[in-house]
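Below is one structure, written out as structure tokens; the observations come after it.
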There are 2 protein chains.
Amino acid sequence: MESKGFISYDMFRRTCPSHTVLEALSNKWLYLVVMALGRRGRMRFSELQKLLEGVSPKMLTQTLRGLERDGMLQREVFPVVPPRVEYELTPLGREFARLLVHMLDWSVAHVPDILAARALYDVAAGDAVTPPAGS
Amino acid sequence: MESKGFISYDMFRRTCPSHTVLEALSNKWLYLVVMALGRRGRMRFSELQKLLEGVSPKMLTQTLRGLERDGMLQREVFPVVPPRVEYELTPLGREFARLLVHMLDWSVAHVPDILAARALYDVAAGDAVTPPAGS
DNA sequence: ATATAGAGTTACCTCATGGAAAGTAAGGGC
DNA sequence: GCCCTTACTTTCCATGAGGTAACTCTATAT
């Protein structure tokens, strides 16, 4: 029955190939780069660097290369001096960006809930450490 | 104009609160725990441990505590010996799980594309390193 | 001759993440 | 008296992620 033309992975197994995607996702800059390119379309390295506050050239390069490797974006080099390099999402990258938009919209919408839950949890944890009065 | 009742964060600034969510997302086990509880409902610690191949008790506890702190799941302790503890998603957690399902469905659907893109990129990179014939 | 701009690369260093393994608690069964 | 079970917690350790800063390349402008 597994010759269905489409394999249903067991995502809970260590060897599941979808984990490579999960691991790629575990990078904050990746989200920001994809969102930036998703919003503004084609951008230069230095534009990204200016937009993404706090990113080092090293991390930016690393993130861009990773996305390029995964087929999410296309890198175009213009052979001029000083160099000019532009980045743009591929169709795959644009699909992915649409998913991320949902995630981030939801995140932003629920940041207050999450922060409130954290505050509650943290005072409760503080109480738990407090020695019971009168003992 | 910013008294609109809903603040539009600048997600590219270092101080954007949505980054706390992004950072929470940057954990592979978090995805797997949420998916597991989303699929099977209520589960015990040891059941999760068995299902999520390769997770250490330390990581599992850490992940569960983080999710509980963020209001994504509820922990119920039964005061028996040996201990029995059950975990279940909250409504917030279930919403989040629905988002993750989309992400992971997409990931699984596109794993072949991504792996193919990587293979292509990697042979291209190999070529680039190969010294030009005849030089 | 020198400075400049853009797009990186490289070396170095530190802190944090995450794995392994052993320890803890608490009551019931043998 | 000792062991068993579950759900952790703690300690130790190695790897690696990610930051900083300096360096590279090359044609043009001064």
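These numbers come from the heavy atoms of this one structure, side chains and all, not from hydrogens, waters or symmetry mates. Keep in mind the model is a prediction, meaning the values are calculated, not measured. Sequence lines set the chain letters: A, B, ... in the order given, protein chains first and strands last, and positions in each chain run from 1.
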Fill in: Sugar-phosphate only, base, or nothing, as touched by B:Tyr87 at under 4.0 Å among non-hydrogen atoms
sugar-phosphate
Discussion item. Distance check needed: D:dT20 C1' versus A:Gln49 CD, whole Å only.
Written reply: 13 Å
Worksheet entry | A:Leu89 side chain near A:Arg42 side chain, heavy-atom distance below 4.5 Å | no
Fill in: Distance, rounded to the nearest Å, where B:Phe45 contributes CZ and D:dT9 contributes P
8 Å
Worksheet item: Does any residue of residues 51-71 of chain B have a heavy atom under 4.0 Å from DNA chain D, and if so, which ones, in number order?
Response: B:Pro57, B:Lys58, B:Thr61, B:Arg65
Item to complete: Using the heavy-atom set of chain A and a strict 4.0 Å cut-off, write down the first and last nucleotide of DNA chain C that makes it in, 5' to 3'.
Response: C:dA5 to C:dA11
Fill in: Note, B:Tyr87 side chain near B:Met43 side chain (heavy atom, < 4.5 Å)
no
Worksheet item: Do the non-hydrogen side-chain atoms of B:Leu99 and A:Leu99 ever get within less than 4.5 Å of each other?
Response: no
Discussion item. Has A:His110 got a side-chain atom pairing as donor or acceptor with B:Leu92's backbone, closer than 3.5 angstrom?
Written reply: no
Discussion item. Within the structure provided, determine whether B:Arg39 and B:Val101 are in side-chain contact (heavy-atom separation under 4.5 Å).
Written reply: no
Practice prompt. Starting from P on D:dG18, measure out to CG on A:Leu30 and report it in whole angstrom.
Written response: 11 Å
Item to complete: Kindly calculate the angle separating the two end axes of the helix from C:dA1-D:dT30 to C:dC30-D:dG1, each obtained from five base pairs, and round it to 10 degrees.
Response: 30°
Worksheet item: Above 12 or not: heavy atoms from other molecules or residues under 6.0 Å from CZ of B:Arg13?
Response: no
Worksheet item: If only side-chain N and O atoms of B:Arg84 are considered, is one of them under 4.0 Å from the OP1 or OP2 phosphate oxygen of D:dA7?
Response: no
Worksheet item: Do A:His102 and A:Trp106 have side-chain atoms, one donor and one acceptor, less than 3.5 Å apart?
Response: no
Discussion item. So B:Val55 and B:Leu32, do their side chains get closer than 4.5 Å, heavy atoms only?
Written reply: no
Discussion item. Under 4.0 Å between a side-chain nitrogen and a carboxylate oxygen: does that hold for B:Arg84 and B:Glu76?
Written reply: no
Worksheet item: Are any of the side-chain nitrogens in A:Glu86 or A:Arg44 under 4.0 Å away from the carboxylate oxygens of its partner?
Response: no
Discussion item. Rounded to whole Å, please give me the gap between CD in B:Glu86 and C1' in D:dA7.
Written reply: 13 Å
Worksheet item: Can you tell if the side chain of B:Arg65 reaches within under 4.5 Å of the side chain of B:Thr61, non-hydrogen atoms only?
Response: yes
